[in-house]
Amino acid sequence: MKRAPSPSQDIAHPAPTNTGGSRRSSVAHSLTKDQFGVVVRRAGASVVGGGRDTGVGNECDPSMLTSANIEIAHGLNGHVIADGGCVCPGDVAKGFGAGADFVMLGGMLAGHDESGGETIEENGKLFKQFYGMSSSTAMTKHVGGVAEYRASEGKTVKVPFRGAVSGTVKEIMGGIRSTCTYVGASRLKELSKRTTFIRVTQQINEVFGAAKNEREETASRQTAKKVKIAE
């Protein structure tokens, strides 16, 4: 008989295991500030991701990386992941500027040819399903449903189809290169040492309206042509 998980276990974000005594390449995710040092030192995790009180993804319903967490992980020879919530290349650059070694992306990579999720067509336009891994959709798909002792912590949404992911990746890399140029960092590793954060009211200029997403428009036009040909 398979043993049911206890309420203290998180089936969506399992804890790392260390069966040897030697350090292994493992990732511990959704950690609070107090858990960073414990997980890196005792469990042997080599990479840690800020979670409940340090970061939030676009499709998670549980905020900026704190310097204390980063110093704890780096002081123990660990690495840090900036945990989601990015909506533009500037957010990715901020994660690296804050001292993260990796930046986690979900929503920015959703809706592409290579993305998972069901493709949906509505009124001649294509969309892709996008859901968080703690959503009821994900838990139903991967573990047979939401366990009785917990609740869904994610959302399931539709995002416009955006074609190949290569265009988005080039845009992100271009934004990071521009950031390094602005602050005088010759390498990505230097970015955190040359970054100063200031509070602003908004990060995207929408004085003349929101910037159009060229990839979404191109994908929509291609879809419209396919629909017209089919008719």
Side-chain angles (χ1 to χ4, degrees), residues 10 12-16 18 22-110 132-134 153-154 165 168-205:
D10 188 342
H13 308 98
N18 189 355
S22 61
R23 182 110 172 202
R24 297 178 182 275
S25 296
S26 56
V27 178
H29 182 243
S30 292
L31 302 177
T32 64
K33 179 174 65 177
D34 296 334
Q35 293 173 325
F36 263 64
V38 174
V39 170
V40 174
R41 184 185 295 276
R42 296 183 183 176
S46 52
V47 184
V48 289
R52 311 291 172 167
D53 62 355
T54 56
V56 55
N58 286 323
E59 299 314 317
C60 291
D61 287 332
S63 308
M64 185 79 185
L65 275 174
T66 64
S67 59
N69 293 348
I70 295 171
E71 290 173 4
I72 290 171
H74 286 169
L76 295 171
N77 295 320
H79 296 83
V80 176
I81 300 175
D83 183 9
C86 297
V87 297
C88 66
D91 291 334
V92 180
K94 289 172 189 174
F96 287 123
D101 303 288
F102 308 92
V103 177
M104 187 181 299
L105 298 179
M108 290 185 70
L109 299 180
M133 289 308 295
S134 280
E153 298 177 22
V165 74
T168 297
V169 172
K170 289 178 182 178
E171 192 173 279
I172 293 171
M173 293 180 67
I176 295 173
R177 292 190 186 100
S178 294
T179 302
C180 289
T181 300
Y182 294 147
V183 301
S186 59
R187 298 186 303 160
L188 186 60
K189 196 171 183 178
E190 294 179 12
L191 186 56
S192 62
K193 300 176 182 178
R194 299 179 180 274
T195 299
T196 300
F197 285 92
I198 59 172
R199 187 184 296 276
V200 297
T201 57
Q202 64 185 67
Q203 64 176 347
I204 300 176
N205 184 353

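Scanning both residues, D101 and F96, for their nearest heavy atoms gives O-CE2, 3.6 Å. The heavy-atom pair separating G175 from P89 by the smallest distance is CA-CB, 4.1 Å. Contact between M108 and T168 at its shortest, heavy atoms only, is O-CG2, 3.4 Å.
Side-chain contact between V103 and I81 is absent, with no heavy atoms from C-beta onward closer than 4.5 Å. Looking only at side-chain heavy atoms (C-beta outward), T179 and V92 stay at 4.5 Å or farther from each other.
Atoms CD1 and CG, on I172 and L105 in that order, are 5.0 Å from each other to the nearest 0.5 Å. In this structure, CD in E190 is found 10.5 Å from OG1 in T195, a value given to the nearest 0.5 Å. In this structure, K193 NZ and R187 CZ are separated by 7.5 Å, a value rounded to the nearest 0.5 Å.
Panel note: side chain R194, backbone G184; a donor-acceptor pair is recorded below 3.5 Å.
When the side-chain contact (heavy atoms from CB on, under 4.5 Å) test is applied to D91, the partners found at least two apart in sequence or on another chain are C86, V87, C88, K94, Q203. R177 pairs by the salt bridge (charged side-chain N to carboxylate O under 4.0 Å, His left out) definition with nothing, not counting sequence neighbours.
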